[in-house]
Amino acid sequence: MSDNANYEPEIVVLYCQRCVQQDADVEAEADHASGLSIQPVMMPCSSKIEVSYILQVLERGADAVEVVACPPDGCQFLVGSVRAEKRIDYVRGLLDEIHVGAERVGISRGPGLSAKDLVELA
């Protein structure tokens, strides 16, 4: 058997605290994910996610980053999720330009997600 047989891609999920249900135990659900190593990171708002932070996460070895934001009309800061989407698009352009793979960074939206929903997005 090769070393790749036990390989589990590491996915960092940066999510807005308002996107998930209050009682969601994201850490516990992430620990039970099959075939993936999921590292959930709760943010106060998706607009707080900076380009440099996403690049650092990838540089430190994560295989992918998924940002989970509020729907555009559901952000408590009005334009937070739109701002996050623009930053994700910028990072994807950078990754494409250096031939690393823009698909390594994504954005999803959803209100009231369960912990299971969040893990499935990864």
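Just so you know, these numbers use all the heavy atoms, side chains as well, and skip hydrogens, waters and symmetry mates.
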List the residues meeting side chain to side chain donor-acceptor pair (under 3.5 Å) with Gln17, not counting sequence neighbours, and say none if there are none. none

Any chain of hydrophobic side-chain contacts (each under 4.5 Å) joining Val20 to Val119? yes

Give me each pair satisfying salt bridge (Lys or Arg N to Asp or Glu O under 4.0 Å) with a member in residues 53-70, each pair once, sequence neighbours excluded. none

Which pair of heavy atoms, one from Ala69 and one from Cys19, lies closest together, and at what distance? C-SG, 3.1 Å

Would you indicate whether the side-chain heavy atoms of Tyr15 and Met43 approach each other to under 4.5 Å? no

Stepwise, does the side chain to side chain contact (heavy atoms under 4.5 Å, CB included) test hold for Leu58 with Leu95? CA-CA 10 Å; Leu58 293 171; Leu95 295 176; 3.8 Å; yes

Residue pairs involving residues 110-122 (criterion salt bridge (Lys or Arg N to Asp or Glu O under 4.0 Å); sequence neighbours excluded): none

Interatomic distance, CZ@Arg18 vs CE@Met42, rounded to 0.5 Å, equals 12.5 Å

Considering all heavy atoms of both residues, which atom of Cys16 and which atom of Pro44 are nearest to each other, and what is their separation? SG-O, 4.1 Å

Shared hydrophobic cluster for Val41 and Leu118 (ILVMFWY, side-chain gaps under 4.5 Å): no

Considering only residues two or more places apart or on different chains, which pairs with a residue in residues 84-99 satisfy salt bridge (Lys or Arg N to Asp or Glu O under 4.0 Å)? Glu50-Arg87, Glu85-Arg109

Ser81 side chain to Cys70 backbone, donor-acceptor under 3.5 Å: yes

Should Ile88 and Tyr53 be counted in the same cluster of Ile, Leu, Val, Met, Phe, Trp and Tyr side chains packed under 4.5 Å apart? yes

With Leu94 via side chain to side chain contact (heavy atoms under 4.5 Å, CB included) - residues at least two apart: Val51, Leu55, Tyr90

Applying salt bridge (Lys or Arg N to Asp or Glu O under 4.0 Å), which residue pairs with at least one partner in residues 32-43 are found, sequence neighbours left out? none

Is it true that Ile38 and Val65 fall in one hydrophobic cluster, defined by side-chain heavy atoms closer than 4.5 Å? no

Does Ala64 have any side chain to side chain contact (heavy atoms under 4.5 Å, CB included) partners at least two apart in sequence or in another chain, and if so, which? Ile11

Can you hop from Ile107 to Val105 via hydrophobic side chains spaced under 4.5 Å? yes

